[in-house]
Amino acid sequence: AQSVSQHNHHVILSEAASLELGCNYSYGGTVNLFWYVQYPGQHLQLLLKYFSGDPLVKGIKGFEAEFIKSKFSFNLRKPSVQWSDTAEYFCAVNAPNNDMRFGAGTRLTVKP
Amino acid sequence: GAVVSQHPSWVICKSGTSVKIECRSLDFQATTMFWYRQFPKQSLMLMATSNEGSKATYEQGVEKDKFLINHASLTLSTLTVTSAHPEDSSFYICSASGLAQLSYEQYFGPGTRLTVT
């Protein structure tokens, strides 16, 4: 069964620091990859997604992610975080059977 | 576009009673709807997948007789928690995808917080 691993449970950064959150998945076939963000008290919002094509995907709010097929990874990056980026970030993988599996989530705290 | 709503946003019920949660796709036809459960500070766990007009497919460990899912139309799915117990207290989130959307993209509702006393 496919699984998704997010290695960082809680990341604490100062404003303007660079961010990289790791995501690895175990499914060997063709997958679609997503990063979602959940701000405190709010529902899930899509940050970015990868279906095919350019493995470097740009999303909203300055986030980007790179799909590295050989490493089964889809890490999320942002060059300079802001206090407003404090949230929970979830990586998700969706196989062609349409089941979506989420990673455990990474809590990002950005100190002003 | 692609808005999903849930009702109610929060509900408190007594142990032993049943609670129905609605999930609606407001501006698209959702051929598939998903129900997730999220415990505090944890990730989303898929409970079941339902296709319009078909019986829901439940994940391993999810009691189908306890969590009744109905997807009677292309815009509405309901989750009924029957004979609720305090351990059923959780945040329930639905998502929807449809033929008109990009493949496999799911749109999430705002969630329903259930508290069973």
Side-chain angles (χ1 to χ4, degrees), chain A residues 1-11 21 23-25 27 29-53 57 59-60 67 74 86-109, chain B residues 1-10 21 23-26 30-52 54 56-62 71 77 91-99 101-113:
Chain A
Q2 61 195 84
S3 65
V4 182
S5 300
Q6 290 183 244
H7 311 295
N8 313 105
H9 180 65
H10 188 190
V11 173
L21 302 182
C23 174
N24 288 88
Y25 60 94
Y27 190 71
T30 301
V31 295
N32 301 302
L33 301 157
F34 306 81
W35 274 98
Y36 287 90
V37 61
Q38 189 173 33
Y39 296 103
Q42 296 188 29
H43 62 98
L44 282 172
Q45 298 176 39
L46 181 67
L47 268 182
L48 46 80
K49 62 196 177 201
Y50 172 79
F51 288 165
S52 63
V57 180
I60 61 172
F67 170 53
F74 190 56
T86 295
E88 189 90 19
Y89 292 82
F90 295 96
C91 179
V93 175
N94 192 322
N97 65 359
N98 217 11
D99 276 0
M100 184 172 278
R101 304 291 169 175
F102 284 81
T106 297
R107 192 187 339 160
L108 172 65
T109 301
Chain B
V3 178
V4 176
S5 70
Q6 281 185 242
H7 178 81
S9 55
W10 62 271
I21 302 170
C23 176
R24 292 182 186 272
S25 57
L26 298 185
T31 51
T32 307
M33 285 186 167
F34 307 83
W35 286 95
Y36 296 86
R37 186 172 178 177
Q38 185 180 29
F39 291 103
K41 299 185 179 181
Q42 294 188 31
S43 187
L44 283 75
M45 299 298 295
L46 180 65
M47 297 175 66
T49 303
S50 73
N51 292 297
E52 185 263 339
S54 302
T57 302
Y58 289 81
E59 293 298 299
Q60 193 172 10
V62 177
H71 190 170
S77 176
F91 196 54
Y92 293 88
I93 303 171
C94 75
S95 71
S97 67
L99 293 173
Q101 315 307 311
L102 290 175
S103 299
Y104 313 124
E105 185 165 352
Q106 297 180 22
Y107 298 90
F108 286 82
T112 296
R113 184 163 304 283

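Here is how names work: the chains are called A, B, and so on, in the same order as the sequence lines, proteins then strands, and each is numbered from 1. For clarity, every value in this text was computed on a predicted model and none was experimentally measured.
Of the atoms belonging to B/Gln38, it is side-chain heavy atoms, and not backbone ones, that fall under 4.5 Å from chain A. Neither the backbone nor the side chain of A/Gln6 comes within contact range of chain B; no heavy atoms are under 4.5 Å apart.
Residues satisfying the side chain to side chain contact (heavy atoms under 4.5 Å, CB included) test with B/Glu59, not counting sequence neighbours, are A/Asp99, A/Arg101, B/Leu46, B/Val62.
Here the CD atom belonging to A/Glu88 is positioned 10.0 Å from the CG atom belonging to B/Leu44, to the nearest 0.5 angstrom. The line from CG of A/Leu46 to CZ of B/Phe108 is 9.0 Å long, rounded to the nearest 0.5 Å.
Closest of all the heavy-atom pairs between A/Phe102 and B/Ser43 is CB-OG, 3.3 Å.
More than 12 non-hydrogen atoms from other residues, nucleotides or ligands lie less than 6.0 angstrom from NE2 of A/His10.
Between A/Asn94 and B/Gln106 the shortest side-chain heavy-atom distance falls below 4.5 Å.
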